[in-house]
Amino acid sequence: MRMTELLLPTEREAPADAEAPSHVLGVRAGLVRQLGAGLWTWLPAGFRSHQRAIAIVREEMDAIGGQEMLMPVIHPRELWRRTGRDELDELFKLEDRRGARLVLAMTHEESVTFHMAQLVRSYRDLPKILYHFQVKARDEPRPRAGVLRTREFVMKDAYSFDRDEAGLQESYDKHVVAYDRIFDRAGLEWYRVESDVGMMGGSGAHEYMAPCAAGENEVALAPGYAANVEVARAEPRPVPPGEPLAAPLEVSTPGATTIEQVAGLLGVPAGTLLKAYPVVTDGGDLRLVVVRGDHRVNDVKLRNALREGFRPAHPEEIERRIGPPGFIGPVGAQVPVLLDEAVAAARVGGWVAGANRPDAHLRGVEPGRDFAFEAVDVRSVEAGDLVGGHAIRIEPAIEVGNIFKLGTRYSEPLGATFLDEAGVERPIIMGSYGIGPARIVAASIEQHADERGISWPRALAPWQVHLVGLGKAGTPERAAADELYGALRGAGFEVLYDDRAGGAGEKLTDAELLGCPLRLTVGRRALADGNAEAQARRGQVALEPVPLGDDAPAVVAERLGGLV
RNA sequence: CGGGGCGUGGCGCAGCCUGGUAGCGCACCUGCUUUGGGAGCAGGGGGUCGCCGGUUCGAAUCCGGCCGCCCCGACCA
């Protein structure tokens with residue numbers, strides 16, 4: 001591709017509203033442009049990278065027996081009503097000219113299951129893995145960070161159909177293999193982490209997380225361990241136990257309603273306190289959740305422990321049922337207590353807790369002796385907690401893929417059943433598996449960029465070779481660059497040729513911004529030796545020059561072969 | 001949905017407080033010179049100042065309403 005013919009709008013300055021590196025560089029390098037909030041156009045160079053990500057995904061899906069197909073973006077809303085998802089806020093709803101109710105698909109469980117319900121009759125028709133690349137539309141409350149979280153994006157979603165749990169496990173394992181290979185091949189640093197199965201039900205799920213500064217999830221990492229903080233479990237750092245007493249002793253703590261205030265007033269570390277968090281479940285039950293004073297309640301883990309949704313209790317509810325807000329605690333509270341395992345497992349007394357009386361706390365509180373409880377794991381893990389003896393660290397990451405055991409969540413409401421050998425009708429056991437190619441591209445930019453711009457891995461680069469022709473048209477160096485371009489193209493290389501009239505600085509800076517793996521420069525200097533200069537973009541490493549002439553393509557292949 | 005910020009040429013910004021018909025840098029076009037790290041000179045093109053309404057002789061500027069976009073939080077099958 002000649003740059004004089006290419007639509008590649010590079011910018012010297014970052015757009016004013018961009019912050020994430022992938023957003024800034026994506027726009028500056030001319031890969032993407034914004035159409036509206038969370039609505040992005042892939043320009044030619046960016047689209048090439050996007051297509052490369054798609055090609056990798058397609059190859060690996062085919063390798064595990066996936067069958068590619070294509071389903072519509074517009075669905076009848078009725079289909080979504082049958083699975084109970086038609087009222088989701090994230091679902092775009094629309095009507096056609098006749099007033100028929102439609103939705104823009106945010107995923108394709110409904111449509112693929114609808115078809116399989118009609119097409120699968122016998123266990124002989126199973127298993128199947130079907131997938132497609134299709135636009136997903138989601139009315140996101142807050143699109144952000146350029147292409148990282150958008151309202152419309154291409155997703156590869158795959159669905160597995162099996163006759164039983166063992167089959168599902170097999171399909172799931174195949175996807176683990178495919179996904180591991182996909183993210184390896186894409187050159188990403190990634191982790192497969194345990195994830196929350198959410199309100200969708202399902203029996204297991206993993207997310208593929210790519211660490212990057214602009215990531216919106218957090219993953220807890222330790223040697224041999226990786227989990228979304230939403231579900232991560234770890235051994236807490238111990239805190240010095242408080243002074244045990246034969247019975248709780250009330251102490252005056254006027255006006256001290258926060259952990260910090262109480263700890264300061266009593267001269268004890270925050271970890272000696274018990275933090276009480278009253279919640280009301282969706283079923284209307286009041287519960288008192290208690291965690292260590294220096295810990296934080298994890299809403300996702302709490303929801304899973306409760307097996308239903310919840311909201312924080314209102315002050316009036318706390319006042320009426322437990323005690324004065326700011327001074328509540330588990331001792332004497334007339335509501336069920338859920339005690340975090342970090343406290344329960346310590347098996348010590350000496351805790352400080354609210355006294356359920358104004359301006360008072362209790363010292364020497366001992367779980368079990370002073371209050372009954374159910375032990376649950378509902379705290380958020382923290383950096384420094386231990387897993388298998390190793391301290392965990394917590395990193396921001398972007399979810400680039402997920403795999404999910406759906407079970408019969410969709411097959412039952414949509415009547416997707418089959419007859420087994422015994423002639424018994426059974427629901428199909430399903431799994432769903434998503435990957436966002438745009439996020440692979442964005443994560444790659446985030447992970448590899450330096451102060452000069454993008455630094456693509458070969459697997460995702462829009463072009464393998466960026467050939468910079470210095471000098472103006474008519475000069476010997478330009479003639480040599482033209483010739484090299486022709487030779488490389490003829491040999492099948494993906495090469496971007498900067499044949500513009502601009503100055504050297506402009507061209508070299510653009511090459512570093514766009515970040516193709518191998519840069520070849522033909523100027524007067526190297527031409528005197530009959531060479532093109534070669535530089536690896538990753539690390540700005542100078543390589544052995546490429547002798548111009550018949551052997552050039554072979555030498556370029558060699559230089560490329562040494563790059564990631 | 002709560003909080004904060006911003007809408008002026010393709011990009012980045014000034015002008016607004018104190019009203020007088022729009023400016024800077026980059027980019028773009030023409031010519032000449034220049035050509036290894038974002039060149040120089042000369043000439044030139046391009047803006048309903050987000051939209052609607054109000055105040056005023058006169059609105060980018062003041063007032064009201066609306067729309068859009070960004071950031072933080074909430075939310076996120």
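Protein chains get the first letters and strands the later ones, always in sequence-line order, with residue 1 at the start of each.
Remark: B:rA39 base-pairs with B:rU33. Criterion, Watson-Crick or G-U wobble with two distances under 3.5 Å. Of the nucleotides present, none pairs with B:rU21 by Watson-Crick or G-U wobble criteria with both distances under 3.5 Å. Figure legend. B:rA59 is base-paired to no nucleotide; pairs are counted as Watson-Crick or G-U wobble with both atom distances under 3.5 Å. Using N1 to N3 plus N6-O4 or O6-N4 for Watson-Crick, or N1-O2 and O6-N3 for G-U wobble, each under 3.5 Å, B:rA14 pairs with nothing. Remark: B:rC6 base-pairs with B:rG68. Criterion, Watson-Crick or G-U wobble with two distances under 3.5 Å. B:rC28 is paired with B:rG44 under the Watson-Crick or G-U wobble criterion, all donor-acceptor distances under 3.5 Å. Across all strands shown, B:rA74 remains unpaired; no Watson-Crick or G-U wobble contact has both distances below 3.5 Å.
Note: CZ (A:Arg138) to P (B:rC75) measures 18 Å, nearest angstrom. Protein atom CD of A:Glu216 is 11 Å distant from nucleotide atom C1' of B:rC75, rounded to whole Å. To the nearest angstrom, P of B:rG7 lies 16 Å from CD of A:Gln34. Atom CG in A:Asp299 sits about 9 Å away from atom P in B:rA74, given to the nearest Å. The interatomic distance linking A:Leu88 (CG) with B:rC76 (C1') rounds to 11 Å, in whole Å. If you measure from atom CZ of A:Phe92 to atom P of B:rC76, you get 17 Å, rounded to the nearest angstrom. Summarising the geometry, the separation between CG on A:Asp139 and C1' on B:rC76 is reported as 11 Å, rounded to the nearest angstrom. The CG atom of A:Asn228 sits 13 Å away from the P atom of B:rC76 (whole-angstrom rounding).
Taking atom C1' on both nucleotides, B:rC49 is separated from B:rC13 by 14 Å, rounded to a whole Å. Taking atom P on both B:rG38 and B:rU33, the two are 22 Å apart, rounded to the nearest angstrom. Only the P atoms considered, B:rU61 is 8 Å distant from B:rG50, to the nearest whole Å. One P atom belongs to B:rA14, the other to B:rG45, and the distance between them is 27 Å to the nearest Å. Across the C1' atoms, B:rC29 and B:rC76 are found 48 Å apart, a figure rounded to whole Å. Rounded to the nearest Å, the gap between the P atom of B:rU21 and that of B:rA60 is 10 Å. Between the C1' atoms of B:rU8 and B:rG23, the separation comes to 10 Å (whole Å). Look at the C1' atom in both B:rG7 and B:rG47: the space between them is 14 Å, to the nearest Å.
Between the side chain of A:Arg144 and the base of B:rC70, no donor-acceptor pair of N or O atoms lies under 3.5 Å.
Contact annotation for A:Ala145: backbone-only contact, meaning every heavy-atom pair under 4.0 Å involves sugar-phosphate atoms and none involves a base.
Judged by distance alone, with hydrogens and angles left aside, the side-chain atoms of A:His108 form no donor-acceptor pair with the main-chain N or O of A:Tyr159 at under 3.5 Å. Although no hydrogens or angles enter the test, the distance criterion places no donor-acceptor pair under 3.5 Å between the side chain of A:Thr475 and the main chain of A:Gly471. Not one N or O on the side chain of A:Asn228 forms a donor-acceptor pair closer than 3.5 Å with the backbone of A:Val231. In terms of modelled atom types and a separation under 3.5 Å, the side chain of A:Thr509 and the main chain of A:Gly505 share a donor-acceptor contact. A:Arg138 places a side-chain N or O within donor-acceptor distance of the main-chain N or O of A:Met106, the cut-off being under 3.5 Å.
With sequence neighbours excluded, the residues forming a side chain to side chain contact (heavy atoms under 4.5 Å, CB included) with A:Ala526 are A:Asn531, A:Glu533, listed by chain and number. Listed by chain and number, the residues in a ring pair (Phe, Tyr, Trp, His ring centres under 6.0 Å) with A:His175 are A:Tyr433 (sequence neighbours excluded).
Checking each of A:Lys507, A:Arg537, A:His466, A:Arg519 against A:Glu512 for a side chain to side chain donor-acceptor pair (under 3.5 Å) leaves exactly one that passes, namely A:Arg519.
Each of A:Arg33 and A:Arg142 has a nearest nucleotide on RNA chain B; the 5'-most of these lies closest to A:Arg33. Comparing A:Glu109 and A:Ala20, the nucleotide of RNA chain B nearest to each residue sits closer to the 5' end for A:Ala20.
The neighbour count for A:Arg77 CZ, taken as heavy atoms of other residues, nucleotides or ligands under 6.0 Å away, is above 12.
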**Under 4.0 Å protein heavy-atom contacts per nucleotide of nucleotides 32-42 of chain B, with B for base, S for backbone only and - for none** = ---BBBB----

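With B:rC76, B:rA74, B:rC69 as the choices, the nucleotide that has an atom nearest any side-chain atom of A:Arg149 turns out to be B:rC76.
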